[in-house]
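Structure first, then comments.
Because only heavy atoms are used, hydrogens play no part in the values below, and waters and symmetry mates are left out as well, while side chains stay in. Counting starts at 1 for both ligands and their atoms, following the listed order.
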Amino acid sequence: MSEKFYITTPIYYVNAEPHIGHAYTTIVADVLNRFHKLAGSNTFFLTGTDEHGDKIVAAAENAGQTPKEYTDRISGMFQDLWPRLNISNNAFIRTTDAYHQETVQNILSLVKEKDDIYFSEYEGLYCFGCERFYTEKELVDGKCPDHQKEPDIIKEANYFFRMSRYQEWLIEHITENPSFIRPERYRNEVLSFLSEPLEDLCISRPKSRLKWGITLPFDEDFVTYVWFDALINYVSALGYPEGAAFQDFWPVAQHVIAKDILKPHGIYWPCMLKSAGIEPYQHLNVHGYWNINAGKMSKSVGNVVEPLELVDIYGLDPFRYFLMREMAFGLDSEFSEDALVQRLNADLANDLGNLVSRSLTMVHKYFEGALPSAGPSNEEDEALKNNAVLLIEIYQGHMNQLAFHKALMAVWEVISDVNKYIDQMAPWVLAKSEPERLKTVINHIFETLRIVAGLVWPFIPASAEKIQEQLGLTHKGDQCRLVDLRTWGLEKPAHPILKAPGLFPRIDLKRKEKDAPPAATKKKPRKAKTDEKPSAISFKDFQKLDLRIGVIIAAEEIPDSKKLLKLTVDMGEERERTVVAGIKEHYRKETLPGVQVLLVANLEPVKLMGVESQGMLLAAGDKGGLHLITPDSAAMPGARVK
Ligand code: ME8
């Protein structure tokens with residue numbers, strides 16, 4: 001029987017449209033869900049929307065809609081967003097769903113029967129933004145710390161949940177289960193809160209003040225407090241109490257939230273569960289905030305980052321990769337588009353993208369797409385293999401600790417190992433001198449890529465599946481298992497290895513600066529029209545050009561040059577050439593050997609920074625930076641362009 005895994009996100013309020021914070025939490029849950037599939041578990045992943053309460057009524061009024069119309073619309077936006085972020089949730093719950101409302105009423109009845117609910121008059125400080133009462137002590141300068149507003153004094157009779165009864169039990173449970181709330185800082189925060197007497201929780205609102213909620217099963221004049229309603233989604237979605245999914249998945253429940261809702265999840269929810277006779281969840285995983293310019297994202301400040309806008313510009317997998325690589329789970333992070341572009345160019349386009357492309361090009365060039373078997377291996381081959389196999393264990397350790405950024409760093413170390421291995425082994429030299437050895441080298445590159453593709457799948461699923469397809473693997477995506485990745489040489493390609501079109505287009509860092517000012521203020525004086533296009537040349541002139549395919553076999557820095565790299569290019573029959581190319585700002589030199597290029601071969605040699613250049617590489621420049629022109633499939637070095 002396979003292990004089970006159950007992961008949830010908060011159910012998001014429908015009073016605002018989805019932003020990058022919601023996207024992050026949901027992507028974290030998705031990564032965990034996919035990772036546990038990779039590990040062979042039977043998983044269940046839940047997300048949804050929180051639709052009752054004052055805030056929603058106010059937002060609906062603002063939008064000129066009824067609460068029902070309004071919640072349908074915004075909940076729909078969340079439901080539309082998740083597939084576009086490749087979120088693999090099994091269910092989407094709305095607190096307005098009938099089955100959820102019924103479960104809330106059942107649990108309220110159970111808790112009431114236990115004498116854990118009582119009726120009482122109460123006067124307190126109420127923040128409508130937070131939809132809860134505050135104690136004087138919790139206020140900062142007399143204001144709600146979240147909404148910076150003085151709370152209203154409200155006096156009303158309400159129902160209360162005897163949370164105080166469970167304080168001692170909760171302290172004991174947290175102390176005995178160190179990973180119940182993690183990372184540790186949030187566990188300590190909850191314990192520190194519990195070191196003061198716990199007050200009972202007001203769990204109703206009179207209908208005279210709020211109608212949009214779930215009616216209490218024991219008093220028609222009241223609706224349920226939105227948190228008592230919302231938290232129950234985690235069990236109602238599984239069909240509590242009888243549902244098979246509840247029996248299977250509740251014992252392994254894990255929640256992902258940000259620190260803003262630590263108290264309801266770390267205190268109210270375990271006490272509610274205990275009172276209702278339900279086992280506590282297994283882990284509460286708490287992350288920090290994404291900040292913008294060192295401040296919290298907020299609609300009023302106007303700095304809300306919309307996920308789909310970023311996905312449209314940079315692509316989904318770069319967006320997912322950036323969020324997971326940049327934030328240390330548990331700590332706050334600063335969001336910056338420039339940092340995203342840098343990660344995309346360096347980690348994805350340069351390191352991973354180029355590795356895949358140069359590796360597959362070699363299988364084509366030397367073996368026509370058929371993966372060769374490995375012969376005897378030497379020390380370097382063994383070192384690469386050991387690092388790649390060991391990576392699986394290291395990765396698993398980090399993932400189990402929610403250290404996603406460390407898991408990715410470990411994968412990228414191995415990516416860098418393969419890039420170095422290729423440079424050291426120089427397959428383009430082996431192709432001429434040691435064809436048997438070449439087979440072993442190519443085979444080791446393939447095996448390492450198989451492991452890398454499997455491990456990056458939870459983070460960048462679409463790209464990983466593309467790589468797996470190109471490698472000809474049978475077990476792609478959610479069919480791939482960690483246990484299979486561990487067995488070196490397990491999978492033979494089911495079809496010839498495919499050519500690799502660029503996986504991650506590079507983005508020009510200067511794009512934003514160029515695009516930013518309005519065109520009117522940026523325009524240079526227009527020149528005469530005839531200067532804008534190169535003038536036409538005759539076919540005869542064109543024929544004078546000698547354009548040829550070359551393969552870069554080495555790339556070196558040129559001292560003191562910011563832009564130039566010195567390349568050694570294999571030209572086939574002809575001798576190797578040295579070419580000085582202005583591509584240093586766009587390509588890392590380690591990733592260039594093996595790349596096929598197009599060369600103007602009959603230019604007069606020129607000296608650049610003291611190095612004679614015997615030709616010129618062709619490249620296209622656009623908003624995305626510089627792109628070397630390369631044939632769509634491996635061509636013979638020296639081949640003429642016709
Ligand atoms: O609190 N950085 O819903 P909500 C990171 N309905 N994550 C962020 C973020 C940021 N700047 N801003 C929001 C609610 N989030 C309740 C939950 S659960 C039973 C009820 C994410 O729409 C993060 O996950 O205000 C945070 O906990 C959640 O959105 C709050 O979502």
Side-chain angles (χ1 to χ4, degrees), residues 7-30 32 46-56 59 71 74-75 77-78 81-82 85 87 92-97 100 103-104 107 127 129-132 146-147 186 213-214 224-237 253-270 272-273 281 284-301 303-307 322-324 326-336 402 404:
I7 193 78
T8 71
T9 71
I11 46 171
Y12 303 110
Y13 283 130
V14 289
N15 63 340
E17 291 169 15
H19 60 60
I20 190 183
H22 304 121
Y24 174 72
T25 314
T26 313
I27 290 171
V28 166
D30 187 59
L32 280 170
L46 173 71
T47 187
T49 41
D50 189 355
E51 307 188 5
H52 290 127
D54 294 314
K55 269 198 242 191
I56 311 299
T71 51
I74 309 282
S75 176
M77 291 177 78
F78 279 93
L81 173 66
W82 301 139
L85 300 187
I87 299 299
F92 188 99
I93 189 168
R94 301 180 59 182
T95 52
T96 48
D97 288 337
H100 168 76
T103 311
V104 170
I107 289 185
C127 171
C130 300
E131 304 200 31
R132 75 172 180 95
D146 269 359
H147 294 88
Y186 297 113
I214 301 175
T224 313
Y225 168 47
V226 65
W227 272 107
F228 204 97
D229 159 359
L231 288 160
I232 288 173
N233 91 87
Y234 300 133
V235 295
S236 59
Q254 297 202 27
H255 305 306
V256 184
I257 60 164
K259 59 186 183 180
D260 55 337
I261 50 178
L262 176 61
K263 197 170 157 190
H265 283 82
I267 297 178
Y268 307 172
W269 183 222
M272 286 164 63
L273 287 166
Y281 52 78
L284 178 63
N285 306 308
V286 190
H287 65 75
Y289 271 153
W290 281 100
N291 293 323
I292 311 285
N293 301 328
K296 206 179 159 185
M297 224 180 328
S298 100
K299 223 175 177 175
S300 50
V301 181
N303 61 356
V304 173
V305 180
E306 286 178 25
F322 170 76
L323 293 182
M324 298 306 296
E326 203 69 8
M327 182 177 258
F329 192 90
L331 303 177
D332 289 355
S333 256
E334 177 74 18
F335 178 82
S336 116
L402 312 169
F404 306 109

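- Looking at Ala258 next to ligand 1, an N or O pair under 3.5 Å apart turns up.
- The shortest contact between atom 24 (O) of ligand 1 and any protein heavy atom is with Thr25 OG1, 2.6 Å.
- Proximity to Gly288 (heavy-atom distance under 4.0 Å) selects the following atoms of ligand 1: 5 (C).
- Within ligand 1, counting atoms from 1 as listed, the ones closer than 4.0 Å to a heavy atom of Asp50 are 6 (N), 16 (C), 20 (C).
- Near His287, the atoms of ligand 1 lying under 4.0 angstrom from a non-hydrogen atom of the residue are 5 (C), 7 (N), 24 (O).
- Numbered from 1 in the order shown, with element, the atoms of ligand 1 that lie under 4.0 Å from a heavy atom of Gly21 read 2 (N), 5 (C), 7 (N), 8 (C), 9 (C), 10 (C), 15 (N), 21 (C).
- Nearest protein neighbour of atom 31 (O) of ligand 1, counting heavy atoms only, is Tyr12 CD2, 3.6 Å.
- Distance check, rounded to the nearest 0.5 Å: CD1 of Ile292 to CD1 of Ile20 gives 6.0 Å.
- Here CD1 of Ile107 is found 7.5 Å from CZ of Phe228. Values are rounded to the nearest 0.5 Å.
- Nearest protein heavy-atom contact of atom 13 (C) of ligand 1 is His19 CE1, 3.6 Å.
- Which parts of ligand 1 touch Trp227 is read off a 4.0 Å heavy-atom cut-off, strictly below it: atoms 16 (C), 17 (C), 18 (S), 19 (C), 20 (C).
- Residues meeting the side chain to side chain donor-acceptor pair (under 3.5 Å) test with His265, sequence neighbours left out: Tyr234.
- From the protein, the heavy atom lying nearest to atom 17 (C) of ligand 1 is Ile11 O, 3.2 Å.
- Regarding atom 1 (O) of ligand 1, its nearest protein heavy-atom neighbour is Ile261 CG2, 3.4 Å.
- Summarising the geometry, atom CG belonging to Asn15 is positioned 11.5 Å from atom CG belonging to Asp54; distances are rounded to the nearest 0.5 Å.
- Using modelled atom types and a 3.5 Å distance limit, the side chains of His287 and Thr25 yield a donor-acceptor pair.
- Contacts between Asp260 and ligand 1, counted as non-hydrogen atom pairs separated by less than 4.0 Å, involve the side chain only.
- Salt bridge present: Lys259 and Asp332 bring a charged side-chain N and a carboxylate O closer than 4.0 Å.
- For Trp290 and Tyr24, the ring centers sit closer than 6.0 Å to each other.
- Residue contact check: His265 has heavy atoms under 4.0 Å from atoms 18 (S), 19 (C) of ligand 1.
- Of the heavy atoms in Tyr234, only side-chain atoms (C-beta onward) come closer than 4.0 Å to ligand 1.
- Numbered from 1 in the order shown, with element, the atoms of ligand 1 that lie under 4.0 Å from a heavy atom of Ala230 read 19 (C).
- Scanning the protein for heavy atoms near atom 11 (N) of ligand 1, the closest one is Trp290 O, 3.1 Å.
- In this structure, Thr95 and Ala230 approach most closely via the heavy-atom pair CG2-CA, 4.2 Å.
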Exercise for the section: For side chain to side chain contact (heavy atoms under 4.5 Å, CB included), just list the numbers for Lys263 and Arg132, CA-CA rounded to whole Å, side-chain angles, deciding distance to a tenth of an Å, and then say yes or no. Expected result: CA-CA 12 Å; Lys263 197 170 157 190; Arg132 75 172 180 95; 3.7 Å; yes
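- What sits closest to atom 3 (O) of ligand 1 on the protein, heavy atoms only, is Tyr13 CD1, 3.3 Å.
- In this structure, Leu32 CG and Leu402 CG are separated by 6.0 Å, a value rounded to the nearest 0.5 Å.
- Residue contacts with ligand 1 for Lys259 are absent, since no atom lies close enough (heavy atoms, distance under 4.0 Å).
- In this structure, the separation between OH on Tyr289 and CE on Met327 is 10.5 Å, given to the nearest 0.5 Å.
- Inspection of the Thr103 and Ser236 side chains reveals no N or O donor paired with an N or O acceptor under 3.5 Å.
- The protein atom (non-hydrogen) at minimum distance from atom 10 (C) of ligand 1 is Tyr289 CD2, 3.4 Å.
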